[in-house]
Number of protein chains: 2
Amino acid sequence: MSWSRAAPSKLPPSSHHRALQASKMPNTCLAVSLRNPDLSVIHLGTVLEGITVFLFLCDRWDAAEGEHMQNLKKVYNSKETKLVDDLQLFLFEVISQTAAELFTLQISVVALVVCLAGLVWSLDNGLARTPPMGWLSWQRYRCNTDCVQYPDDCISEKLYMRMADLLVSEGYRDLGYKYVNIDDCWMSRNRSKDGSLQPDPVRFPNGIKSLANYVHSKGLKLGIYEDFGTKTCGGYPGSKFYMQQDAETFAAWGIDMVKLDGCYTDVSDMDEGYPIMGFYLNQTGRPMLYSCSWPAYIKQKDFALYQKIAKYCNIWRNYNDIGDSWDDVSGIIEYYGKDGGNFSKVAGPGNFNDPDMIILGDYGLSYDQQRVQMAMWAIMASPLLMSNNLETVKPESKALLQNRRIIAINQDPLGIQGTRIVKMNGLEIWVKPLAPKGKSIAFAFLNLNHGGGPSKVSYPLNKLGAMSPQGYNVTDGFTGKLIGTYKSKDKISVNKDTSETKEYVK
Amino acid sequence: MSWSRAAPSKLPPSSHHRALQASKMPNTCLAVSLRNPDLSVIHLGTVLEGITVFLFLCDRWDAAEGEHMQNLKKVYNSKETKLVDDLQLFLFEVISQTAAELFTLQISVVALVVCLAGLVWSLDNGLARTPPMGWLSWQRYRCNTDCVQYPDDCISEKLYMRMADLLVSEGYRDLGYKYVNIDDCWMSRNRSKDGSLQPDPVRFPNGIKSLANYVHSKGLKLGIYEDFGTKTCGGYPGSKFYMQQDAETFAAWGIDMVKLDGCYTDVSDMDEGYPIMGFYLNQTGRPMLYSCSWPAYIKQKDFALYQKIAKYCNIWRNYNDIGDSWDDVSGIIEYYGKDGGNFSKVAGPGNFNDPDMIILGDYGLSYDQQRVQMAMWAIMASPLLMSNNLETVKPESKALLQNRRIIAINQDPLGIQGTRIVKMNGLEIWVKPLAPKGKSIAFAFLNLNHGGGPSKVSYPLNKLGAMSPQGYNVTDGFTGKLIGTYKSKDKISVNKDTSETKEYVK
């Protein structure tokens, strides 16, 4: 997609100033740990300065069901401290991917009971019960249509088939990465005589249906890209006046997800038009996950708009395109931290905000920054759509992409989008309630300072919402190791540059 | 140091726009290769989109001695194409580090023949004949003075002794990394009764002289930090009214390099004051490399200013503090690419612009970005002062830091600062003439685009200044492998994601 970028997030203050600020961090109760280079642990431990994210899970969180976030915010503002005594390890397992398959037969029924005029239906296609996972070509392959110079990197059926093969052979599919998503520049420049979309005949000589069959034969799903306007961002035919026909074409081809971009149109048309395309998609009878770029093109976004979008779309981009850089990742995290219009609140099974692709395995992120993206996309309940060359992903990146515990946090069936509860001196704390309701929660501690050595920060467990009198087990989200069992007054520390956590438990 | 940062470099245009632009790159003559993830080669080959730097060396470049750059620019603007026939491999060896030791006894003589009033001497202390190499605490350790919470990370004699040990045991010293440099926050808050500087007694219980002895016993050199103003940036005693005494103190302690920052002073004092401190340093009779932050505090810098600074200082920071991020690295590269005031021209043996510390081994750069910093600091003839925890530097970072060929380019005895000759669509080409004069040259090809796949760019060898009728051998600066032997009309290609270059030589 192509819209203008927002200004980058503010640069940090000058080095010395930051260093001096850092020393002012409060130092009470539980410490949390950041920027641990070897970091296989995270904890209610030492916060070391840096950019590493630590995730941990507290079991037996006793807030009333359905009131996690409110309680959390109350707790955060209170000075209440309860003791927790009884502890139990909470083990994560990968959420069954079949969750994403539920209710897929309900769409046609929904579609048939509404009429196009006075559209009142809402999205209930049974898809995206958890954030969709898979692979998407855009960030890595863009609009490369030159298969002579770039036979392995051009947008072609060979590329998608190769990535489908790799999703299976490299073990991604079995962890939930099921979508193989075509992005822009797959089409011929012109529709066929009957008005149908058609793929570029040289780059997709066997057609999209054949590609879909291939992808399906691998136990995967095929996504495709179109545009709401008269042209795609890359200048290929748009859907504006062909919505029904295009929806039918996609269904006939066996498409499983449709991403509808928003170039070449009056933005004021979107409010009516995006729901209409959704209607036609539903009307086909084929369950197609509907990805709307709609809010990304709207400048002023409020809660009502997000509620409407969530009514008609499964997932939706609402911010800039991601590039292969830490600026992009940290900019997105800041946007989601601000949560303008409270968009986090509309996320849930069937509906997710989409902060854009996962760039692990590309070239712009350090290992620690890759941990941050993976962990934060999990906390934010974001679609996990990788855009990389799966052939050349380094083992350390692959291990992060395939971390079952992080995936489980992302795929938690409650589908609650984590939110930022603390932002201070470059340190952020994010919280995402998990199933079982009221019992478990994932936390992310994020240090966005650029430079300097480790630093310690203390933070009380009860302010993280961990108020149960039964106590808590805290588990490292990356490794699954039990960090320790906690009462509110306990402190633990870790050696900043190793993972010898247990030695430091007091 | 602490001054306000400049605005970040412009964001690239939107993704699609970039993708479309990239395809417009000229496609003639020799191709060059970028963004090769496995990249152990660089070439007159395929330029792949990304951020990897390729270095290569052309032997037998026949421009007249001393006219490299002029000829290069002429060539770049001409359409002249000469054939090159006779080829010879140019092998790099690490430049002897003894080059940095030459003439160290001349200082006192120089100092004594001038008088303080009407200062007319220029710096001729025999130091920094090539860019100094070593380790500096600031970026990684900042102003951490809390040795209770951070025993291993506070500014203390133990830190510098540990890093000195590691410079030796990890093999850095023998490659030229000889300076162990203290930065801010080493002092007591007050001078002694006789006005002398004194280290913090708790953190430096044995004093600086003892530390210098220890460092010297390891075959290393000790650098120290002070400030031109009334206080250091961290608020410790400054040198403004104590210059002679401080210079004498440093000499008595056995200091080998003095970095003089520029906080807490009227900038207009610098023009006179920095030379005076240099005078006193020279007057001690002890060779102390003089690092001036002077130009970094001057907003409008012109060639005359740089000429003056080069007259009195060995090295000088002229831009923002580096942080642990790609933004910082790429921002510095852009500043050096712009070369405002032609500051590159004043670099040479004894005088080098200082773009700030090497952050390889820290947390903010991907592997490819680390390659870029190392390669570009070599091309820019920049001081190589690492700021990292040498205990935890990953092997892949250490291999880059210790790459003999890259170090040799950096330490080339001509001391010419490489300059940017092309900037187009996120691609940059940098050139640094090497010894033997007129025969060899280092090139860096740099792709600063964020994201997208590989892309091919062609560039003619003669436009890079390689005009010799004898022909050229092109060697990969990272691996030392011969890429090929070239005539002007030759093209080579490389497989984008592997280093199987030879298979693609045509």
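Numbered from 1 within each chain, the chains take letters A, B, ... in sequence-line order. Quick note: numbers below take in every heavy atom, side chains included, and nothing from hydrogens, waters or symmetry partners.
Rounded to the nearest 0.5 angstrom, S325(B) OG and L448(A) CG are separated by 12.0 Å. In this structure, the separation between CG on D324(B) and CH2 on W326(A) is 11.0 Å, given to the nearest 0.5 Å. Distance check, rounded to the nearest 0.5 Å: OH of Y367(A) to NZ of K394(B) gives 6.5 Å. The structure places NE2 of H450(B) at 10.5 Å from CD of Q139(A), a figure rounded to the nearest 0.5 Å. Taken to the nearest 0.5 Å, the CG atom of L365(A) stands 11.5 Å off from the CG atom of L365(B).
The number of heavy atoms from other shown groups lying within 6.0 Å of NZ (K398(A)) is above 12.
Applying the side-chain hydrogen bond (donor to acceptor under 3.5 Å, both in side chains) criterion to E226(B), with sequence neighbours excluded, gives no partner residue. Residues meeting the side-chain hydrogen bond (donor to acceptor under 3.5 Å, both in side chains) test with T232(B), sequence neighbours left out: D184(B).
Closest approach of G364(B) and S366(A) over heavy atoms only: C-CB, 4.0 Å.
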